[in-house]
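Notes follow the structure.
Computed from heavy atoms alone, side chains included, the values below leave out hydrogens, waters and symmetry copies. For reference, positions follow the sequence shown, starting with 1.
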Amino acid sequence: MSLDLSWIDPLAAAVLAFVTVQRLAELVYARHNEALLKARGAAEYAPGHYPAIVLLHAAWLIGLWVLGLGVTPAAGWLVLFFILQGLRLWVLATLGERWTMRIIVLPGEPLVAKGPYRLISHPNYAVVIGEIFVLPMAFGLVWYALLFSALNAAILFIRIRAENEALTAIAGVAR
């Protein structure tokens with residue numbers, strides 16, 4: 001008995017594997033950075049909403065595997081998605097060890113004001129907003145892109161307020 005996998009689109013599988021490996025690598029990188037920051041006296045703020053972020057992103061990715069694996073992604077949307085990946089790398093390179101998935105603030109450190117942070121306050125969130133919309137669109141999943149964009153907007157409303165409050169409390173700077 002053989003398993004028929006002919007319905008799987010190879011490009012879809014490659015893109016979804018890329019995103020999955022990327023997200024797992026980012027988890028490892030974030031945990032590494034969190035440990036470094038905490039060893040230097042950093043504190044975590046507003047951890048209560050973090051499980052909702054993890055759940056949202058996991059559900060988004062799992063759903064893409066379920067709904068998109070048999071669909072050839074649209075080239076234009078994929079190009080846009082990979083442009084977003086370049087912007088993601090720019091954010092990661094700019095923040096270095098200060099990049100985490102949690103709100104970790106190191107007292108006495110100035111806010112990052114270089115790279116994409118010269119242009120907007122929360123470039124990482126802008127990239128995530130784009131990714132959550134663009135990747136489902138590459139698979140023709142308009143309703144999915146809209147649903148997860150709305151859920152992400154709700155979580156980011158909470159997240160950005162909490163992050164701004166933490167930065168203001170520690171650095172005395174409003175964003």
Side-chain angles (χ1 to χ4, degrees), residues 15-47 49-50 52-54 56-58 60-61 64 73-138 145-146 148-175:
V15 168
L16 292 171
F18 168 81
V19 175
T20 302
V21 169
Q22 177 193 52
R23 294 303 197 262
L24 293 173
E26 286 176 356
L27 279 171
V28 171
Y29 182 60
R31 291 214 175 133
H32 170 77
N33 287 348
E34 290 164 12
L36 289 176
L37 289 166
K38 286 180 179 180
R40 292 177 51 204
E44 180 175 0
Y45 288 83
H49 68 278
Y50 182 70
I53 291 172
V54 172
L56 174 83
H57 286 261
W60 174 79
L61 189 54
L64 287 174
W77 287 109
L78 273 187
V79 167
L80 186 53
F81 178 75
F82 283 105
I83 289 170
L84 288 167
Q85 299 321 292
L87 295 173
R88 171 184 289 285
L89 289 174
W90 190 22
V91 169
L92 288 167
T94 300
L95 289 179
E97 73 175 27
R98 290 175 70 178
W99 186 88
T100 66
M101 291 184 178
R102 297 176 179 270
I103 300 172
I104 309 284
V105 179
L106 186 60
E109 287 290 317
L111 295 177
V112 174
K114 60 183 180 176
Y117 290 87
R118 289 179 293 122
L119 307 173
I120 60 175
S121 295
H122 298 284
N124 193 64
Y125 301 145
V127 169
V128 171
I129 288 166
E131 290 173 332
I132 285 185
F133 182 78
V134 168
L135 195 55
M137 292 300 291
L146 294 172
F148 276 90
S149 290
L151 294 171
N152 186 53
I155 288 177
L156 282 180
F157 178 79
I158 295 165
R159 171 69 172 219
I160 291 172
R161 285 186 59 198
E163 187 170 312
N164 286 343
E165 287 173 11
L167 292 171
T168 300
I170 291 298
V173 178
R175 288 192 85 170

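Among residues at least two apart or in separate chains, ring-ring contact (aromatic ring centres under 6.0 Å, His included) pairs with a member in residues 15-39 are F18-F82, Y29-W99. Among residue pairs with one or both ends in residues 24-33, those qualifying as salt bridge (charged side-chain N to carboxylate O under 4.0 Å, His left out) are E26-R88; sequence neighbours excluded. For residues 150-161, every residue pair satisfying the salt bridge (charged side-chain N to carboxylate O under 4.0 Å, His left out) rule, not counting sequence neighbours, is listed here: R159-E163.
For the atom pair OG1 (T20) and CG (L61), the distance works out to 4.0 Å, reported to the nearest 0.5 Å. Taking CG from L95 and CG from N124, the interatomic distance works out to 7.5 Å, rounded to the nearest 0.5 Å. The OH atom of Y50 sits 11.5 Å away from the CD1 atom of I103 when rounded to the nearest 0.5 Å.
Residues meeting the side-chain contact (heavy atoms from CB on, under 4.5 Å) test with L119, sequence neighbours left out: W90. With sequence neighbours left out, I83 forms a side-chain contact (heavy atoms from CB on, under 4.5 Å) with V79. With sequence neighbours left out, the side-chain contact (heavy atoms from CB on, under 4.5 Å) criterion links I132 to L56, H57, W60, V128, F148, S149, N152. Under the side-chain hydrogen bond (donor to acceptor under 3.5 Å, both in side chains) criterion, R23 pairs with E131, not counting sequence neighbours. Annotation: side-chain hydrogen bond (donor to acceptor under 3.5 Å, both in side chains) contacts of Q22 (sequence neighbours excluded): Q85. I104 is linked by a side-chain contact (heavy atoms from CB on, under 4.5 Å) to E34, L37, K38, A42, E44, T100, R102, counting only residues two or more places apart in sequence or in another chain.
Nearest heavy-atom pair across P116 and V91 is CG-CG2, 3.9 Å. For the residue pair P73 and L78, the shortest heavy atom distance occurs at CB-CD1, 3.6 Å. Nearest heavy atom pair, residue A162 against residue A46, reads CB-CB, 3.6 Å. Nearest approach of K114 to T94, heavy atoms of both residues: O-CG2, 3.5 Å. Smallest separation of non-hydrogen atoms from Y125 and I160: CD1-CG1, 3.5 Å.
The shortest distance between side-chain heavy atoms of V112 and R98 falls below 4.5 Å. You'll find the side chain of L84 stays beyond 4.5 Å of the side chain of L135, heavy atoms only. Taking 4.5 Å as the limit, every side-chain heavy atom of I129 sits out of range of all side-chain heavy atoms of H122.
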